[in-house]
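This report refers to the structure that appears directly beneath it.
Values reported hereafter were calculated over all heavy atoms of this structure, with side chains retained and with hydrogens, waters and symmetry mates removed. Letters A, B, ... mirror the listed sequences (proteins, then strands); counts begin at 1.
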2 protein chains.
Amino acid sequence: MAKKTVGISDVAREAGVSVGTVSNSFNRPDSVAPETRARILAVVERLGYVRSESARQLRTGTSRIVALLVLDLANPFFVDVANGAERTARAAGLGVMVCTSAQSPSDEADYIGLFTEQQVRGVLVIPADPTGRSLEPLRRQGIPYVVVDRLVEDAEVCSVSVDDVTGGRLAVEHLLAQGHRRVAYISGPAHLQQIRDRRTGALAAIAAAGLPPQTLHELPTVHMTIAAGRDAAARLLGLADRPTAVFCANDLLALGLEQALYAAGVKVPEEVAIVGYDDIEFASAVAVPLTSVRQPAAEMGRLATQMLLAEADAVGGEESAHAHQTVVLQPELVVRTSSLHRVG
Amino acid sequence: MAKKTVGISDVAREAGVSVGTVSNSFNRPDSVAPETRARILAVVERLGYVRSESARQLRTGTSRIVALLVLDLANPFFVDVANGAERTARAAGLGVMVCTSAQSPSDEADYIGLFTEQQVRGVLVIPADPTGRSLEPLRRQGIPYVVVDRLVEDAEVCSVSVDDVTGGRLAVEHLLAQGHRRVAYISGPAHLQQIRDRRTGALAAIAAAGLPPQTLHELPTVHMTIAAGRDAAARLLGLADRPTAVFCANDLLALGLEQALYAAGVKVPEEVAIVGYDDIEFASAVAVPLTSVRQPAAEMGRLATQMLLAEADAVGGEESAHAHQTVVLQPELVVRTSSLHRVG
DNA sequence: TTGAAAGCGCTAACAG
DNA sequence: CTGTTAGCGCTTTCAA
């Protein structure tokens with residue numbers, strides 16, 4: 001039963017060459033005579049030889065997997081980011097380890113610990129810990145990482161994010177252009193920069209239109225889920241001077257809101273217009289399709305991975321000072337039915 | 001810049017002990033004097049020592065990560081499976097590498113190759129290759145794996161799946177009970193056992209009701225996505241004797257269908273009743289909530305992981321013949337508005 | 001309870 | 001073009 005695992009030396013013996021030549025036939029094929037190489041490959045095939053990554057890694061000091069730590073795969077937005085990352089990494093011959101921090105800084109720290117022990121090639125992280133302290137081990141171990149979906153000013157780290165101020169502005173500009181003068185902002189945890197930035201953008205749009213800040217009525221949520229969106233609907237309907245338009249901090253909230261409004265007999269967009277955020281696929285799949293601020297999620301994953309690999313190569317190769325960069329992508333408003341109704 | 005990475009020998013020297021003792025203080029704490037251990041830990045802390053997994057793995061022959069290969073994270077059903085698996089693995093101190101085969105047998109084969117090279121602890125796989133041939137390398141390498149979401153009769157492998165015949169039966173029984181006598185089945189690729197099983201269940205319900213098989217009108221799709229659901233709606237509406245009820249092979253199809261029907265002015269459930277499959281969160285988040293056959297996705301991920309770890313332990317430990325098992329979970333019908341209207 | 005030493009399987013010089 | 005060889009950092013007997 002205990003069939004001894006076949007190693008490089010077995011192949012060498014069987015092919016009548018040295019282990020070095022076998023190794024070369026894999027890693028520098030050109031330095032091996034074609035005929036020898038063919039013979040080796042045949043033996044590899046016959047014996048079912050499989051390289052041991054752990055041995056290679058121990059030797060070379062670098063693994064062939066990159067880690068991606070997201071907050072929550074239940075939000076399709078993060079799935080899109082993951083897909084973009086996975087495709088890019090695979091194109092480079094690397095595997096991606098997708099993990100979920102569930103927004104928990106301690107889970108995040110655990111995973112970061114795992115990644116350092118694995119000596120992964122690099123990590124893409126959407127930070128759960130606002131202090132950024134949990135990323136410290138990566139820096140200490142010299143493991144490249146890029147922060148995704150968060151703007152990081154620190155010149156010592158790469159980051160890819162989307163301009164949330166613009167996103168918020170686009171959303172509310174659109175609403176104001178439809179004639180709305182009382183807008184609710186169903187938001188999320190105040191400690192999230194994104195939530196603050198989108199509010200800033202929203203207020204900028206309001207100011208630009210010559211309206212008072214009170215035009216925006218914020219309804220914060222804790223979880224930014226569909227359920228939270230339903231709850232927010234109840235609060236919205238309870239408001240004295242009910243807003244005629246709502247800007248939601250993500251599509252999950254918007255979906256929950258739209259459903260609850262429907263259940264309450266409140267017409268969308270006639271009585272309440274809605275704009276969501278992220279433009280997840282489900283946003284366009286409901287009866288009254290959702291207007292949403294589209295974030296280039298897959299593109300973010302792709303770019304982040306490219307930057308990560310570039311940094312990893314720089315570290316691996318020359319000590320050429322890798323220039324950390326901060327990329328900020330632009331969002332885009334996708335107008336659909338949920339906001340298409342002029343008022344006033 | 002090139003700060004030499006600190007290894008176990010650095011810790012040993014600094015703590016005035018041998019490397020063996022340092023290793024023991026991690027792996028068999030009880031065999032080390034508490035005082036010695038404390039001293040070592042202090043040094044570890046001070047030096048920021050991190051174990052090298054690759055070295056451990058090379059030595060012990062087994063890694064601390066399990067792989068999960070799903071078809072497509074865009075379907076929340078698979079995300080739920082992944083979450084169940086991830087939680088269970090983490091509880092066991094293992095990391096999970098979630099990968100996507102995009103339904104492509106060749107991508108699947110590539111990933112399986114990666115997993116064998118990594119010598120992962122085990123793999124959970126939702127097969128994309130119906131022949132099961134791409135899993136051969138795992139078997140050859142002696143890497144434990146369990147097949148998820150597919151029934152595998154083979155006594156040589158563990159599998160966890162859900163009873164699709166029952167699922168199909170539940171869905172159509174419900175529809176017939178509402179008085180429907182013409183039911184459409186918006187299905188998927190015929191090579192999928194699930195698609196066939198659900199049809200079998202649907203037909204069984206029809207037969208049990210004393211109705212002819214023609215009662216079921218199948219509309220196959222290629223992709224089982226929201227877009228495919230919209231397309232199917234068009235086909236449905238073009239039918240001569242239009243069915244009054246539709247059973248969809250998954251919720252994505254059902255969502256697309258419901259949206260298209262709404263756009264066409266066809267009332268759900270009054271004119272057409274709908275039952276979906278999977279009970280993803282979004283199914284209950286739309287204006288007319290979807291009746292759906294719930295599959296215990298997270299439970300499947302959890303169970304599969306447990307079985308995998310059990311098998312891995314069996315392999316690692318004694319040669320105690322691990323008893324492969326085939327677990328079949330039961331689905332459950334969740335009735336919501338989309339099917340609540342009596343006809344006839 | 002601790003130390004010494006033998007590799008795990010591979011890559012990358014360096015010789016030939 | 002190919003062979004030899006020295007480790008990569010750790011775990012694990014085996015002695016002391």
Counting only side-chain nitrogens and oxygens, does A:R56 get under 4.0 Å of the OP1 or OP2 atom of C:dT11? yes

Please compare B:T60 and B:V17 by the position of their nearest nucleotide in DNA chain C and report the one closer to 5'. B:V17

Here the distance between atom C1' of D:dT13 and atom CG of B:N27, to the nearest Å, is 14 Å

For the residue pair A:Q141 and A:T116, confirm or rule out a side-chain donor-acceptor distance under 3.5 Å. no

Please give, in whole Å, the distance from D:dC10 C1' to B:R28 CZ? 14 Å

Near DNA chain D, which residues from residues 36-55 of chain A have a heavy atom under 4.0 Å away? A:T36

Among B:R87, B:E86, B:R90, the one residue meeting side-chain hydrogen bond (donor to acceptor under 3.5 Å, both in side chains) with A:T100: B:E86

Could you tell me whether the phosphate oxygens of D:dT2, OP1 or OP2, come under 4.0 Å of any side-chain nitrogen or oxygen in A:T21? no

In whole Å, what is the span from the CD atom of B:Q57 to the C1' atom of D:dC8? 14 Å

Roughly, in whole Å, what's the span from CG in A:L58 to C1' in C:dT11? 10 Å

Rounded to whole angstroms, how far apart are CG on B:D10 and P on D:dG9? 9 Å

With a 4.0 Å cut-off on heavy atoms, is B:N24 in touch with a base, just the backbone sugar-phosphate, or nothing at all? base

Grab the CD-C1' distance between A:Q118 and D:dC10 for me, whole Å please. 14 Å

Round to a whole Å and report the spacing from CZ of A:R64 to P of C:dC10. 15 Å

Rounded to the Å, how far apart are A:E35 CD and D:dC1 P? 12 Å

How many angstroms lie between atom CD of B:Q118 and atom CZ of A:R56, to the nearest 0.5 angstrom? 10.0 Å

Base, sugar-phosphate alone, or nothing: which one does A:G7 contact when heavy atoms must sit under 4.0 Å apart? sugar-phosphate

Quick one: do A:R139 and A:E156 make a salt bridge, cutoff under 4.0 Å? no

Does the side chain of A:V147 reach to within under 4.5 Å of the side chain of A:L135, using non-hydrogen atoms? yes

Name the one of B:D72, B:I126, B:L71 that satisfies side-chain contact (heavy atoms from CB on, under 4.5 Å) with B:S101? B:L71

Return yes if some donor-acceptor pair links the side-chain N/O of B:R39 with the main-chain N/O of B:A15 below 3.5 Å, else return no. yes

Under 4.0 Å from OP1 or OP2 of D:dG3: is there any side-chain N or O of A:S18 that close? yes

For B:R59 and for B:A33, find the nucleotide of DNA chain C with the closest heavy atom, then tell me which residue's nucleotide is more 5'. B:A33

